[in-house]
Amino acid sequence: MVGVILTLLIASLQVAGAEPRLEWTFSCGSRVYSAPVVADLLPDPGPEMVLVSSAERKILCLNSERKVRWTQDDFTLRVTSTPTLADLDSDGGPEILIATRKQGIACLSTEGQLLWRASEGQDIPWGNPVVADADNDGGKEIYWVSLAGLLECRNPDGGPRWSLDLGAKGPMGPPALGDTDGDGLAEVVSGSGNGAVVCVNHDGSVEWRFMGNAAFDCGAVLANLTGDMALEVLIASGDGALFCLDGRSGEPIWNHRTTPCRIDTTLAVADLTGDETPEVLYGDYFGNLYCLDSRGVELWWFKAGDWIESAPTVGDVDGDGAFEVVCASADGHAYCLSAEGDLEWSYATGKRISATPTLADTDGDGETEILIADHNGVLHCLSLGGAWNRSRFPWPTRRHDPWQTGNLAIEETP
């Protein structure tokens, strides 16, 4: 009898220990739509956090002790996009790119100074720039899609290289960037408001188009699902369908259809099961989070309390050796699921969550933190004490990495 009681007591302690602890909160000033970005920007010890206070039209940089190092508020309308960080001028430190409403793209220094603006007048409310060396010439290119339906390619100083009219106006997610055909050069893949998915070569020529039945405005992601030299394209449409397309031809390989509803969040891809084949994760307007295998077979689904409008993230957040899936919902909760889809814990912020959670070591102490920003403008930092090891976080932030490629195969900064 004593043994049974002891076993139950140990089990209860283990369950209690699995709950995250709230490390701290920070008030951003107004509601937050964009994911926090963590990177080493300044000489201070530890990394910095870049945040966006939407209604205040303000970008903030916090150091590892959560002190505001700088702010930039030279924006005329609210800011809803996630910052992109990349070393554009090859000086060893990243620049910060912000997509705006009606002011195009703004480039900031690590000290928050405005370096340049590009395409002023273009509206890019929900997308973001993507940075890579697509043509392998040793330089970097910047890509984005505007509300006017223009796919832009720019030089590191914001100067024009080429643009392509995708053929439709309307809300569009960010492009994905990677080698979709296995030729050693990167392609750019974007959805459009007229139901087309377009794959574009690094020189601006169209490689292929795929036509669906509804707008593609959630942003494509890229991953190698078949084990060959090319990447597959994963993108969801506004009528509740997720497509897996052959990256070389654009031909559909499979699709997964839910109830007809909006899917306007970006996706995540990670090998949850350890079989060296990635699984695909996405949420929908009815609060369903789906996990599919590489063939599009539904492995499990989880029901949140409301719309899932942000991407899930994946990593070993508690240090137990297994991956967890962290997602957020408009019901004001963040949810942590096991690789099998079982609920491990939830955390209530008290307000709608639109921003993708970020998994990182925010203070350099070697522990994993979970950053969740809500519509109260509060950034919540949670931890379960798990060790931070970047190799154990296959999809730690929105669009996979700070330079926003949406590409699971990217391992190093561009």
Side-chain angles (χ1 to χ4, degrees), residues 22-39 41-42 44 47-85 94-129 144 146-147 171 174 265 307 309-311 328 330 332 334 349-358 360 362 369-381 397-399 402 404:
L22 178 63
E23 298 279 294
W24 48 262
T25 61
F26 176 83
S27 178
C28 301
S30 65
R31 68 178 57 182
V32 179
Y33 290 97
S34 61
V37 179
V38 179
L41 301 180
L42 300 169
D44 293 1
E48 282 74 39
M49 291 168 277
V50 181
L51 316 172
V52 177
S53 177
S54 178
E56 287 189 325
R57 307 183 298 278
K58 183 169 66 178
I59 315 300
L60 305 94
C61 176
L62 308 184
N63 66 13
S64 59
E65 297 178 344
R66 302 179 306 285
K67 305 297 184 184
V68 178
R69 286 300 311 272
W70 54 259
T71 63
Q72 171 59 252
D73 60 1
D74 187 15
F75 305 99
T76 60
L77 297 171
R78 65 177 182 151
V79 183
T80 51
S81 69
T82 295
T84 299
L85 274 60
E95 281 69 46
I96 303 163
L97 296 169
I98 306 292
T100 71
R101 296 169 182 264
K102 307 301 184 186
Q103 288 181 289
I105 300 294
C107 180
L108 310 180
S109 73
T110 56
E111 297 285 353
Q113 299 164 326
L114 180 64
L115 300 177
W116 50 259
R117 290 187 186 275
S119 295
E120 293 192 60
Q122 283 194 11
D123 194 350
I124 314 166
W126 301 107
N128 52 257
W144 66 80
S146 70
L147 209 63
T265 177
W307 180 21
E309 53 183 318
S310 64
T349 68
K351 198 68 173 179
R352 173 182 164 189
I353 306 172
S354 299
T356 295
T358 295
T362 64
E369 281 85 43
I370 305 164
L371 297 176
I372 301 162
D374 65 21
H375 277 219
N376 273 330
V378 177
L379 178 65
H380 305 253
C381 178
T397 190
R398 182 184 185 271
R399 308 293 296 162
Q404 302 276 333

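Everything numeric here is computed off the predicted structure, so don't read it as measured data. Note that the numbering runs from 1 along the sequence shown for the chain.
Here OG1 of Thr71 is found 11.0 Å from CG of Leu62. Values are rounded to the nearest 0.5 Å. Here CG of Leu41 is found 5.0 Å from CD of Glu48. Values are rounded to the nearest 0.5 Å.
Within the structure, salt bridge (Lys or Arg N to Asp or Glu O under 4.0 Å) contacts touching residues 108-125 (residues at least two apart or in different chains) are Asp74-Arg117, Lys102-Asp123.
Here Glu309 pairs with Arg352 under the salt bridge (Lys or Arg N to Asp or Glu O under 4.0 Å) rule; sequence neighbours left out. Every residue meeting the salt bridge (Lys or Arg N to Asp or Glu O under 4.0 Å) condition with Glu56, not counting sequence neighbours, appears here in chain and number order: Lys58. Taking the salt bridge (Lys or Arg N to Asp or Glu O under 4.0 Å) definition, one finds that Glu23 meets it with Arg21, sequence neighbours left out. In this structure, Arg66 has no salt bridge (Lys or Arg N to Asp or Glu O under 4.0 Å) partners at least two apart in sequence or on a different chain. Take Trp70 and apply the ring-ring contact (aromatic ring centres under 6.0 Å, His included) test, not counting sequence neighbours, and it matches no residue.
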side-chain hydrogen bond (donor to acceptor under 3.5 Å, both in side chains) assessment of Thr80 paired with Ser54: CA-CA 6 Å; Thr80 51; Ser54 178; 5.8 Å; no
Applying side chain to side chain contact (heavy atoms under 4.5 Å, CB included), run through Phe26 and Leu51 and close with a yes or a no. CA-CA 11 Å; Phe26 176 83; Leu51 316 172; 4.0 Å; yes
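Side chains of Ile98 and Ile105 form no contact here, defined as non-hydrogen atoms less than 4.5 Å apart.
Here the two rings, on His375 and Tyr33, have centers that are under 6.0 Å apart.
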